[in-house]
Amino acid sequence: MNSIWLIIVPVLGAAVAALWPDNRTRPWLLPVFGLAHFALCVWLLFSPPAIAEGAWFGFDSLARAVLPAVSLLFLVCGVYGVSYLRVRAERPNRVFVSMLLAMLALLSAGHQARHLGLLWIATEGLTLAAVPMLHFNGTPRAFEATWKYLLVGGTGIALSLLGSFCLGYASLKGGGKGDLTFAALTAQGTELSRPWVLAAWVLVLVGYGTKMGLAPMHTWKPDAYGEAPGIIGAILAGAVTTVAFTAILRVRAVVAASGAAAITDRTLLVIGLFSMLVAAIFLLGTRDFKRMLAYSSVEHMGILCIGAGLGTAGMFAALFHVWNNSLTKAALFMSAGNLHRAAGARTIDQVSGMARVTPRSAWIFIAGLFAITALPPFGPFFSELQVIRAAFEMHHAGTAAMFLGCLLFAFFGLTRLAFAIVDGRPRVATKSAGVRFAESPGLILPPLLLLAFSCWLGIAAPHVLQQIWTEAVSQLIPFK
Amino acid sequence: MNETVNLLVGLAMGLNLLALGSSRLPGVIGAVAAQGIALGIMPLLLEGRADWHLVFIATATVAGKGFLIPFLLRRAMRAARIDREIEPIIGFVPSVLLGAAGAIGAVAIVESMPLLPEHRNSLLVPGALASVFTGFVLLIGRVKAISQVCGYLILENGIYLFGLLLLHTTAMFVEAGILLDVTVGVFVIGIIVDRIQRAFDSLDTRKLTVLRE
């Protein structure tokens with residue numbers, strides 16, 4: 001089985017969705033094609049395809065280590081999407097459904113890209129495909145968020161292209177023949193021109209870091225996540241950021257092979273800690289629970305970077321955390337979407353007492369909140385513990401201390417806000433809106449399933465996953 | 001050939017300053033369009049031959065950067081009934097001075113970077129960096145959406161200039177994809193401008209302040 005089917009299947013889905021005549025049944029294409037993609041992904045996870053030498057893309061260890069998480073996330077989002085789009089039946093969903101499936105194809109391509117240019121094209125495509133989703137709600141605020149997303153995201157993506165060119169030039173200067181696959185660039189190793197490699201690293205980190213939402217390039221994130229439907233927030237925070245993260249990891253491997261591993265690790269630690277710090281500060285201040293999730297995402301992107309900067313043990317923890325972040329954050333976005341729909345508002349000044357209005361969504365939201373703030377037995381606790389252990393092993397006690405401090409402040413910020421909207425008496429306006437909002441199983445079971453999966457990962461991460469994370473680490477850090 | 005290319009890059013750098021100093025939007029759009037055409041014919045001059053691949057790149061670039069995008073921008077400008085930038089965040093004279101300083105800085109930075117022998121006497125790299133810098137000044141220093149799109153285009157042009165260094169060796173697929181993405185990206189931005197205009201009845205991005213912490 002060739003891994004190109006992971007791209008072809010969702011492209012077919014997007015085409016079918018574009019031609020499908022009926023607005024009411026079209027959303028069912030999301031879970032159908034999502035399931036096909038997930039089945040393929042699992043199949044390829046257990047029987048990995050051979051990758052030709054110099055191939056431009058392939059289902060390599062890194063892709064195997066993270067793409068199944070993205071695929072699972074998409075499948076669950078697809079199931080949720082059916083119920084969500086039924087609630088929003090007044091809006092045409094042709095563009096929404098087909099663009100979402102196109103995003104799945106681009107996500108598959110981006111994760112599997114073993115070529116610098118191909119990786120960039122996939123990321124650029126993702127940026128553009130997300131645009132119609134962001135202003136799905138059609139409000140002026142949604143337009144504003146889309147504009148900021150395009151301007152900041154577009155600039156970021158442009159800088160990552162410049163970084164890719166710099167890396168290409170480093171290869172040419174070092175006697176390369178213009179082969180921009182990561183395998184060829186890594187093979188060149190120390191022959192790569194050092195100044196150009198470092199320039200490339202900075203630009204790529206800033207560029208793809210913008211897509212990931214690392215501080216200080218995170219400014220588009222709260223607006224976009226706040227205004228987009230919950231399901232889109234879940235996919236942006238759990239899947240698109242993952243592509244950007246693996247892009248940074250792939251480039252990091254090249255830069256490290258050129259002899260600058262210490263510099264890459266240090267920059268990753270600094271930008272990771274800075275992101276966590278900024279996120280913690282804003283979490284203490286924000287009053288809007290969807291924007292809160294965006295800042296929490298910034299925090300977790302910081303955690304991923306810190307893990308990636310802490311050697312083999314840290315890299316393993318980061319890959320583990322990719323799964324935990326994707327699944328847990330998606331559960332939060334879905335339940336927050338339910339709360340938003342039911343309450344008709346998003347700030348603690350307008351929303352309270354949701355435990356009485358929509359009890360199931362409210363409790364899933366609280367459970368997800370505890371999961372994301374690293375309460376055992378949920379997965380994030382174990383991956384964050386591994387990051388801290390890796391920090392102590394690498395004698396980065398200061399990093400570990402700052403890491404814990406930021407986690408603590410983020411915990412204060414998140415719980416303050418979440419309990420303010422869940423506890424207390426329902427507002428009058430909220431009450432009447434809640435009557436119209438039915439917590440159908442299609443809106444409740446998907447986030448619950450994701451939380452259960454996060455729990456399972458924490459208590460007993462399957463052996464095959466642990467093995468594949470180890471393989472991916474040895475692909476990314478070959479010398480240790 | 002190198003002389004002609006250097007002349008065109010110099011022209012593009014001059015157009016950067018023109019875009020920075022112009023308060024009227026048609027002037028900025030015109031500068032961007034002229035820069036697009038100058039950039040578009042460069043691949044042919046650089047390689048000194050004209051196979052179908054190079055002709056395709058050149059034609060697509062000239063058509064996209066030189067005509068299609070400026071046309072869309074002018075249409076957006078008419079739809080919004082604005083034709084000048086009134087209160088820029090960074091004034092026009094300071095912008096030009098910044099741009100000039102950026103150009104000098106770009107030359108200085110490139111002096112310290114290792115270049116291949118065939119690129120030593122070329123203005124391509126300094127021109128690329130200067131354009132990227134100009135793009136940033138416009139993106140940050142202007143408040144009208146159309147000016148910001150122009151800034152983004154100049155930024156893209158700078159990256160395109162840098163990409164020309166790799167023209168000889170990179171596969172065609174990458175270049176074509178890049179070209180397509182650039183065009184589509186701005187096209188989408190154009191549509192958004194249109195929608196923002198309808199929603200806000202103005203193209204002033206300073207009014208986009210509802211979402212502020």
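In what follows, every heavy atom counts, from backbone to side chain, and hydrogens, waters and symmetry copies are set aside. Just so it is clear: chains get the letters A, B, ... in the order the sequence lines come, proteins before strands, and each one is counted from 1.
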* Which bit of A:Leu116 is near chain B, if near means a heavy-atom gap under 4.5 Å: side chain, backbone, both or neither? -> neither

* Asked: Nearest 0.5 Å, what's the CG-CG distance between B:Leu166 and A:Leu167?
  -> 10.0 Å

* Interatomic spacing from CG in A:Leu151 to OH in B:Tyr152 - rounded to 0.5 Å -> 8.5 Å

* Do other residues, nucleotides or ligands put more than 12 heavy atoms under 6.0 Å from the CG atom of B:Asn121? -> no

* Assess the pair A:Trp196 and B:Phe162: is the distance between their ring centroids shorter than 6.0 Å? => yes

* Structure fact -> If one checks every heavy atom of B:Leu165 against chain A at 4.5 Å, the contacting part turns out to be both

* Heavy-atom side-chain contact between B:Ile159 and A:Phe165 under 4.5 Å -> yes

* With a 4.5 angstrom heavy-atom cut-off, which part of A:Lys173 approaches chain B: side chain, backbone, both or neither? -> both

* Tell me, for B:Leu139 versus chain A, whether the close heavy atoms (under 4.5 Å) come from the side chain, the backbone, both or neither. => side chain

* Hey, does A:Trp147 have a side-chain heavy atom less than 4.5 Å from the side chain of B:Gln148? -> yes

* At a heavy-atom separation under 4.5 Å, does A:Ser193 approach chain B through its side chain, its backbone, both, or neither? -> side chain

* Asked: Between atom CD of B:Glu118 and atom CG of A:Leu172, what is the distance when rounded to the nearest 0.5 Å?
  -> 8.5 Å

* For B:Leu116 and A:Tyr169, which heavy atoms make the closest approach, and how far apart are they? -> N-OH, 2.9 Å

